[in-house]
Amino acid sequence: MLIQTFHKHIHRIQAALFILMALPAVYWLLLSLEIPVPYIMLSRLHLVILLSGELFWAVFFYQKNFLDCQQPKKLACFGRDLLLINVVFLFPFVKFYADPLRSEVPVIALIQPYLIAGYVALLLAGLVWSLLLGNIQQARAWLNGRIDAQRLHDYRQEAALGEKFQTNFPALSRIPLAGVSLEKLYQQGAGYLATLSILALLGLGLRLWQLDALPPYIDEFFHLNAARDIAQGLPLEQVLYRRSLYTVTLPVALSFKLLGVNLWAGRLPGALVNILAVIPLYLLSKRINKAVALIAVALYVFSPWMIAASRNVREYAYFPLIFYTLGLVVVALYESVPERFVLHRDLQRLLRRDILLYVSLLIFSLYFIQFIDPRSTLKVLLIYYPILGLLLLTKIDWRNLANIVITALLLTAGMIAIALIGDSLGGRFLLADFANRNYAFFPALFFEMPAQQWYYNRPLISYAIFALALLAIWWHDKHKIVLPFAFLTFLGGLLAFSVLFLKGERPRYTINIEIWFILLAAVGLYCAFLVAEKTLPRYRWVAWLALAAYFWNIPHTLNTSLYTQPGWHPITDEYHAEIAPALDYLQARLAPGDAIVTTTYITGYENFFSPGLFREEKIVIYEREDPEATDLVFAAMDAHRNGWIVLDYPRGLLWSQPVPLRDFIYKDKQVEYLGWFGNVYILRWDGE
C-alpha cells in the first residue's frame with residue numbers, strides 16, 4: 001500500500017524535493033552575486049541542499065530505471081547513476097568544507113583530512129563502475145550520434161539553401177569571388193545569421209562602452225605616440241618604436257587620421273578587430289557543428305578577459321583574429337593532406353594548389369614573426385608548428401620504410417630550426433628555472449574561480465565543463481581534427497607558460513591560450529546541455545537555464561566594460577595610472593627654468609595628452625627598474641637649482657623609492673613633499 005501511494009504521488013514528491021534543493025541553491029547563487037539577502041549560515045544551508053538533493057536524485061533515478069522503462073534495469077544501474085550524479089553534485093560542498101578557514105569548527109576539522117581522498121575515491125568508483133557495466137560504448141555512441149546528427153542537419157540545410165540561392169539569385173551567384181561569399185553567407189540561414197549578428201553587436205557594445213574611461217597603461221603610450229607621429233607625417237623608417245608596427249600602430253594611425261588624435265580613436269581599431277575574430281572562430285568551430293559554433297561565439301563576445309584586452313592599445317586585442325585565422329589554416333591543411341600517404345610516392349598529391357596556399361601562409365607567418373616583427377609577442381604562434389607536425393604524423397603510412405627515414409630527417413631539421421630560432425630570440429621568453437616558478441599561476445587563470453572567466457566566483461564548475469570537453473575529444477571521431485588541435489594548443493601553451501616562461505606573471509601573456517580554451521569550454525557546455533536534456537527531458541529548458549546561470553556570472557562580464565577605477569585592473573592586472581591631475585597641477589606652476597625628474601610613464605602621458613609641457617628640461621629617471629634611481633635624482637638636483645620630482649605609482653615606486661615621501665634637505669636644497677595627485681607623487685626642490 002505504501003509503495004503504491006509512493007508510485008502514485010512520485011511526481012509531486014519529486015517536485016517538492018526539487019524545490020527544497022533549488023531554493024537554497026538560488027539563495028547561494030544570490031550570495032555569490034553579492035545581492036543583499038537575509039543571512040543564513042552556509043553550513044545549515046548545505047545540509048538542506050545535501051539531504052533534499054540526495055532524496056531527489058534517488059527518487060529520480062528510481063523512476064527512470066524502474067518505472068519509466070518497459071524492461072526495468074538492474075539495481076546496479078540505479079546505484080551507478082546515483083553515484084555518478086553525486087560526483088558532480090558534491091563538487092561545491094567538497095570545496096566549501098575543505099577550506100582551511102573552516103577548520104576551527106571541530107566537526108569540519110575532523111572530516112577535512114578525508115574530504116579530497118573520499119571525493120577522488122568516489123570519482124574513481126563511478127568510472128570503474130561504468131566501465132565494468134560496459135556502458136562506455138553506449139555513451140560514446142550516444143554523444144557521437146548527437147554531435148554528428150547536428151552536423152548532418154547543418155550540412156543538409158546548407159546544401160538546400162545553396163541550391164535555393166543559385167535558383168533565386170543566379171546573377172549574384174555568377175559574380176567572381178563575391179558570388180561564392182554571398183552564397184556561403186546565405187547558406188548559414190537567417191536564424192544563425194541573426195543570432196551571430198546580435199551576439200557580435202552585443203560584444204561590440206561591451207567593447208566600445210566607455211572605451212576611453214580608463215587612462216592608458218604604460219605600454220599603450222608606445223603605440224599611441226608612434227601612431228600620432230605617423231598620422232602627422234613621420235615616415236615609417238623613422239619610427240623608433242617598431243614592435244607590432246604593422247599589426248597595431250598602423251591601424252591606430254589610420255584611426256587618428258580619420259577621427260583625430262584622441263584615446264577613443266586610438267583604442268577603436270583594437271575593439272573592432274577583436275570582434276571580427278568571431279568570423280574565423282565561427283568557421284572553425286562550425287566544423288564540429290553549428291550549435292558548438294554559436295556557443296563558442298557567445299563565450300567569446302562575453303569573455304571578460306577578451307573584453308578587457310580589446311580595450312587596450314596593445315597586440316593582445318588583435319591576437320584572436322590572427323590566431324583563429326591561422327588556426328583555420330592549420331586545420332584546413334591537415335584535412336587536405338591524404339590519409340596514409342607515402343612521401344615519395346604521393347608527392348604529387350601533396351603539391352595541390354590548396355595545400356601549397358596553406359603552406360605558403362604558414363611560411364609567411366614564420367617570416368613575419370621572425371624578421372618583420374621579431375619583438376612582438378606574436379611569436380607564441382610558433383606553438384602551432386610542432387602541433388601541426390605532430391598531427392600530420394597520424395596521416396603517414398608507417399609501414400613504409402622510406403616514410404620513416406624521411407620523417408626522421410624532417411623532424412631533425414625541424415628541431416634544429418627551433419633551436420636556431422630560440423637562440424636568435426636570445427632565450428628572453430622561454431627559459432627554464434624550475435626552482436623559482438609559480439606553477440599554479442597560469443592554470444589558475446582557467447580553473448576554479450578566476451576573475452578572467454565567465455564563471456568568476458562560481459565554485460569549481462570549470463572542472464566539470466573541462467572534463468566534459470575531454471570526454472568529447474576522447475570519444476569523438478579522431479579524423480575530425482578541430483578538437484584535438486584546440487586541446488593540444490591549449491595544453492602545450494599552458495605547460496610552456498607554467499614551466500618555462502620567466503618574463504613575468506601577468507594574465508595578458510597567456511591570453512593566446514584563452515583563445516583555444518573558449519572552444520573547449522564551448523564543447524564542454526554543449527555536452528553539458530546534452531546531458532541535461534537527456535537527464536531531465538521534461539524540464540530541459542529549466543536545466544539549460546540553470547546551467548547557463550551557474551556558469552555565467554553576468555554582472556562580472558558587465559563590470560568589465562563599466563570598470564572605470566584607475567589603478568590595478570582586476571582582469572588584465574595592468575596599472576592604469578591617473579596622471580592628469582598631476583599634469584594640471586604642474587602646468588599651473590611650472591617655471592621656465594625648472595627641471596623635471598620623472599618616469600617614462602609620465603613622459604609618455606605628457607607626450608600624448610599635453611605635448612610640450614615638459615619641454616627640454618625633463619630628465620627621465622629610469623626605464624622600469626633602475627637600481628641607480630636615487631643617484632639619478634640627486635644628480636639632477638646637483639645640476640639644477642630648482643625642479644620637480646614627479647613619480648607615478650607603481651611604475652616609479654614598486655621596485656624602488658628613490659626619495660623619501662616627506663620633506664627633507666639635500667645639501668643646500670630644501671625638498672618639499674607636496675602630496676599625492678591622482679596616482680602621482682610630487683615633490684619640489686628649491687635651491688634659492
**Q** What's the separation between atom CG in Leu196 and atom CD1 in Ile279, rounded to the nearest 0.5 Å?
**A** 9.5 Å

**Q** Crowded around Leu240 CG? As in, over 12 foreign heavy atoms under 6.0 Å?
**A** no

**Q** So, Thr557 versus Trp454: side-chain donor-acceptor pair below 3.5 Å or not?
**A**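 Judged by distance alone, the side chains do not pair up.
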
**Q** Does any part of the side chain of Leu326, heavy atoms only, come nearer than 4.5 Å to the side chain of Leu381, both counted from C-beta?
**A**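 Counting from C-beta outward, Leu381 and Leu326 do come under 4.5 Å.
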
**Q** Kindly say whether Pro555 contributes a backbone atom to a donor-acceptor pair with the side chain of Asn559 at under 3.5 angstrom?
**A** yes

**Q** For Arg684 and Asp594: C-alpha separation, side-chain torsions, deciding distance, then whether salt bridge (Lys or Arg N to Asp or Glu O under 4.0 Å) applies.
**A** CA-CA 10 Å; Arg684 173 172 172 76; Asp594 286 351; 3.2 Å; yes

**Q** Roughly how far apart are Met306 CE and Ile518 CD1, rounded to 0.5 Å?
**A** 4.0 Å

**Q** Are Thr560 and Gln452 packed together at the side-chain level, in the sense that at least one heavy-atom pair is separated by less than 4.5 angstrom?
**A** no

**Q** Hey, does the side chain of Thr510 reach the backbone of Pro507 with a donor-acceptor pair shorter than 3.5 angstrom?
**A** no

**Q** Determine the minimum heavy-atom distance between Ala451 and Pro570, stating which atoms define it.
**A**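 Closest pair (atom of Ala451, atom of Pro570, distance): CB-O, 3.8 Å.
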
**Q** Measure the acute angle between the ring planes of Tyr673 and Tyr681, then classify it against the limits of 30° and 60° as parallel, tilted or perpendicular.
**A** tilted

**Q** Taking Leu674 as the fixed residue, which of Ile645, Val646, Ile682 is the one that meets the side-chain contact (heavy atoms from CB on, under 4.5 Å) rule?
**A**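 The single option meeting the side-chain contact (heavy atoms from CB on, under 4.5 Å) with Leu674 is Ile682.
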
**Q** Kindly assign one of parallel, tilted or perpendicular to the pair Phe609 and Phe221, based on the angle between their ring planes and the thresholds 30° and 60°.
**A** perpendicular

**Q** To the nearest 0.5 angstrom, please state how far the CG atom of Leu445 sits from the OG atom of Ser498.
**A** 9.0 Å

**Q** Are the side chain of Trp685 and the backbone N or O of Arg641 linked by a donor-acceptor pair below 3.5 Å?
**A** yes

**Q** Taking the side chain as everything from C-beta on, heavy atoms only, tell me whether Phe256 gets closer than 4.5 Å to Pro269.
**A** no

**Q** Does some side-chain heavy atom of Val659 sit less than 4.5 Å from a side-chain heavy atom of Val671?
**A** no

**Q** Checking side-chain polar atoms at under 3.5 Å, does Glu315 have a donor or acceptor matched by the opposite partner on Thr377?
**A**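 Short answer, yes.
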
**Q** Answer whether the closest heavy-atom distance between the side chains of Leu378 and Phe368 falls below 4.5 Å.
**A**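 Yes, at least one pair of side-chain atoms sits under 4.5 Å.
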
**Q** Over 60° means perpendicular and under 30° means parallel, so classify the ring planes of Phe447 and Phe466, tilted if in between.
**A**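 The arrangement is perpendicular - the two ring planes meet at more than 60°.
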
**Q** Would you please indicate if the ring centroids of Tyr241 and Phe222 are separated by under 6.0 Å?
**A** yes

**Q** Verify side chain to side chain contact (heavy atoms under 4.5 Å, CB included) between Asp219 and Arg508, making sure each step is shown before the conclusion.
**A** CA-CA 12 Å; Asp219 292 345; Arg508 61 173 176 164; 2.7 Å; yes

**Q** Minimum heavy-atom separation for Val313 and His223, please, with both atom names.
**A**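 Heavy atoms only, the tightest pair is O-CD2, 3.3 Å.
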
**Q** Tell me if a side-chain donor or acceptor on Tyr601 pairs with a main-chain N or O of Ala577 at a distance below 3.5 Å.
**A** yes

**Q** Considering non-hydrogen atoms only, spot the tightest contact between Arg314 and Val248 and give its length.
**A**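 Looks like C-CG2, 4.1 Å.
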
**Q** One pair to check against side chain to side chain contact (heavy atoms under 4.5 Å, CB included): Thr600 and Ile218. What are the steps and the verdict?
**A** CA-CA 8 Å; Thr600 52; Ile218 186 168; 3.5 Å; yes

**Q** Out of curiosity, Leu583 CG to Phe677 CZ, how far, rounded to the nearest 0.5 Å?
**A**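 Separation between the atoms: 12.0 Å.
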
**Q** Looking at every non-hydrogen atom in both residues, tell me the closest pair between Phe608 and Asn262 and how far apart they are.
**A**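 The answer is CZ-C, 4.0 Å.
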
**Q** Might you point out which heavy atoms bring Pro566 and Glu578 nearest each other, and give the distance in Å?
**A** CG-OE1, 3.7 Å

**Q** If you measure from CG on Leu281 to CD1 on Ile515, what distance do you get to the nearest 0.5 Å?
**A**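 So the CG of Leu281 and the CD1 of Ile515 are separated by 9.5 Å.
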
**Q** Give a yes or no on whether the backbone of Phe614 and the side-chain of Glu606 come within a donor-acceptor separation of less than 3.5 Å.
**A** yes

**Q** Would a distance-only check, ignoring hydrogens and angles, find a side-chain to backbone donor-acceptor pair under 3.5 Å from Asp373 to Ser244?
**A**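 Present.
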
**Q** Give a yes or no on whether the backbone of Ser310 and the side-chain of Arg267 come within a donor-acceptor separation of less than 3.5 Å.
**A** no

**Q** Check whether any side-chain heavy atom of Ile322 lies under 4.5 Å from a side-chain heavy atom of Pro320, and answer yes or no.
**A**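 When only atoms from C-beta onward are counted, Pro320 and Ile322 do not touch, as no gap falls below 4.5 Å.
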
**Q** Go through Gln370 and Lys379 one step at a time and tell me if the side chain to side chain contact (heavy atoms under 4.5 Å, CB included) criterion holds.
**A** CA-CA 8 Å; Gln370 180 60 22; Lys379 59 177 61 69; over 6 Å; no

**Q** Hey, what do you get for CG (Leu494) to CD1 (Ile513), rounding to the nearest 0.5 Å?
**A** 5.0 Å

**Q** Are His576 and His569 close enough that some pair of their side-chain heavy atoms sits under 4.5 Å apart?
**A**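 Result yes, sub-4.5 Å side-chain heavy-atom pair found.
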
**Q** Kindly determine whether Tyr585 and Gln587 satisfy side chain to side chain contact (heavy atoms under 4.5 Å, CB included), including the steps that lead there.
**A** CA-CA 6 Å; Tyr585 180 86; Gln587 192 164 22; over 6 Å; no

**Q** Would you check if the side chain of Thr630 reaches a backbone N or O of Pro658 as a donor-acceptor pair within less than 3.5 Å?
**A**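 Yes, because the side chain of Thr630 sits within donor-acceptor range (under 3.5 Å) of the backbone of Pro658.
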
**Q** For Thr249 and Arg243, which heavy atoms make the closest approach, and how far apart are they?
**A** OG1-O, 4.2 Å

**Q** Taking the side chain from Thr603 and the backbone from Thr599, do they hold a donor-acceptor pair closer than 3.5 Å?
**A**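 Flag set: sc Thr603 to bb Thr599 pair under 3.5 Å.
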
**Q** With Trp305, which of Tyr316, Phe446, Phe319 fulfils ring-ring contact (aromatic ring centres under 6.0 Å, His included)?
**A** Phe446

**Q** Measuring centre to centre across the rings, with the benzene-like ring taken for any Trp, is Trp552 within less than 6.0 Å of Tyr455?
**A** no

**Q** Has the side chain of Arg242 got a donor or acceptor atom that lies under 3.5 Å from a matching backbone atom of Leu236?
**A** yes

**Q** With Trp516, which of Phe490, Tyr324, Tyr300 fulfils ring-ring contact (aromatic ring centres under 6.0 Å, His included)?
**A** Tyr324

**Q** Does the side chain of Leu224 reach to within under 4.5 Å of the side chain of Pro216, using non-hydrogen atoms?
**A** yes

**Q** Do Asp638 and Tyr666 get their side chains close enough for a donor-acceptor pair, meaning under 3.5 Å?
**A**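 Indeed, the side chains of Asp638 and Tyr666 share at least one donor-acceptor pair under 3.5 Å.
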
